There are 2 protein chains.
Amino acid sequence: MGKVRHSRFDCSPGCSVEAAVGLIDGKWKSVVLFHLLSGTLRFNEIRRHVHNVTPRMLTNQLRELEADGLVERKVYAQVPPKVEYSLSPLGRSMEPILLALKDWGDTNIGLYGKPRATDPREVSDAA
Amino acid sequence: MGKVRHSRFDCSPGCSVEAAVGLIDGKWKSVVLFHLLSGTLRFNEIRRHVHNVTPRMLTNQLRELEADGLVERKVYAQVPPKVEYSLSPLGRSMEPILLALKDWGDTNIGLYGKPRATDPREVSDAA
DNA sequence: CGGGATCCTCTACGATACTG
DNA sequence: CAGTATCGTAGAGGATCCCG
């Protein structure tokens, strides 16, 4: 999301919605969070799960998730390095959202393709 | 979200999640959808609800929502113009997601502030 | 293994002005 | 009222190389 850090909290009820979305609107964030629902993962494990994400971006997204308090990062002082990522309680609290998203996606996309097939140029002159 | 149009559907289970997020990741989309949950709204009504959105952006977001099949646009051939926006059945099917988002936001942000100071430029004009 | 540093591109977002 | 047209910007996202 370029500018999509939904960070304005001066709006009406939609505010909460925007704020919540703002935490998962990174290109890979939702997927990362979703995979972390299953348990702790190491950096390269996430990489393999997500597919096509570059190290830089994954680090970036993980750092933001960490800064948002959704993900916890545990570094083992070893060599070779070992870093584990897991959901914080706050991150775990997003499970309903993640599941709702997956549920919707499974129903509306997995079955018959993505919705973005409609024609924008549609004028209803009824009534 | 610069590049956050999550449009790749070639990933594993996270795929559905990403796809669903991709439909609401526009800066104003989630808020617009949320407000449309309450019923049909006219262009400037949405503008007033959302606050701070420019006509251009609102049009843009509405057009994408329409193209994604989430929102329906009804134009009345009158003068002055009258255009009504409402949720399509598909859009309505996102209600659980929207509510989950709002619920999370209300709980985790409304109470004790946002989890992270995302935006440097705070509320300057609304004060 | 798990990143950091650099450089670059692209486009979502925004300000402003105008119109049928 | 409900947009459209232009122009400009930031910064999210990406490619590549390197490091402890």
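Proteins get letters first, then strands, A, B, ... in listed order; numbering begins at 1 in each. We use all heavy atoms of the structure for the numbers below, so side chains are in, but hydrogens, waters and symmetry mates are not. Because the structure is predicted, anything quoted here is derived from the model rather than measured.
- At the heavy-atom level, Gln78(B) lies nowhere under 4.0 Å from the strands shown.
- Nearest nucleotide to the side chain of Phe43(B), out of dG3(D), dG20(C), dG13(D): dG3(D).
- Pairing each heavy atom of Leu65(B) with each of Val32(B), the nearest pair is CD1-CG1, 4.0 Å.
- Contact between Ile109(B) and Ala20(A) at its shortest, heavy atoms only, is CD1-N, 4.5 Å.
- In this structure, CZ of Arg73(A) is placed 10 Å from P of dG2(C), rounded to the nearest angstrom.
- In this structure, the NZ atom of Lys27(A) is 15 Å from the C1' atom of dG11(D), given to the nearest Å.
- Side-chain polar atoms of Ser16(A) and Trp104(B) form no donor-acceptor pair below 3.5 angstrom.
- Between Leu36(B) and Tyr85(B) the shortest heavy-atom distance is CD2-O, 3.4 Å.
- In this entry the distance linking CG of Leu58(A) with P of dT16(D) reads 18 Å, nearest Å.
- For the pair Glu18(A) CD and dC13(C) P, the interatomic distance rounds to 11 Å; values are reported in whole Å.
- A straight line from CD of Glu45(B) to P of dG3(D) spans 13 Å, rounded to a whole angstrom.
- Not one side-chain nitrogen or oxygen of Arg42(B) sits closer than 4.0 Å to the OP1 or OP2 atom of dG3(D).
- Distance CG (Leu41(A)) to P (dC1(C)): 15 Å, rounded to an integer number of Å.
- Pro80(A) comes within contact range of the sugar-phosphate backbone alone, with a heavy-atom separation under 4.0 Å but no base atom that close.
- Under a 4.0 Å N-O distance rule, the pair Glu45(A)/Arg48(A) does not qualify as a salt bridge.
- As judged by a 4.0 angstrom heavy-atom cut-off over every strand, Glu84(A) is placed among residues making no nucleic acid contact.
- In the set dA2(D), dG4(C), dG14(C), dG14(C) carries the atom at the smallest distance from any side-chain atom of Met57(B).
- Nucleotide dA5(C) holds its P atom 11 Å from the CZ atom of Arg63(A), rounded to whole Å.
- Checked against dG2(C), dA2(D), dG4(C), the side chain of Thr59(A) finds its nearest nucleotide in dG4(C).
- Along DNA chain D, the nucleotide nearest to Arg47(B) and the one nearest to Thr54(A) differ in position, and the one closer to the 5' end is contacted by Arg47(B).
- An OP1 or OP2 oxygen of dC1(D) is reached within less than 4.0 angstrom by no side-chain nitrogen or oxygen of Tyr85(B).
- Side-chain N/O atoms of Arg56(A) and base N/O atoms of dG4(C) include no donor-acceptor pair closer than 3.5 Å.
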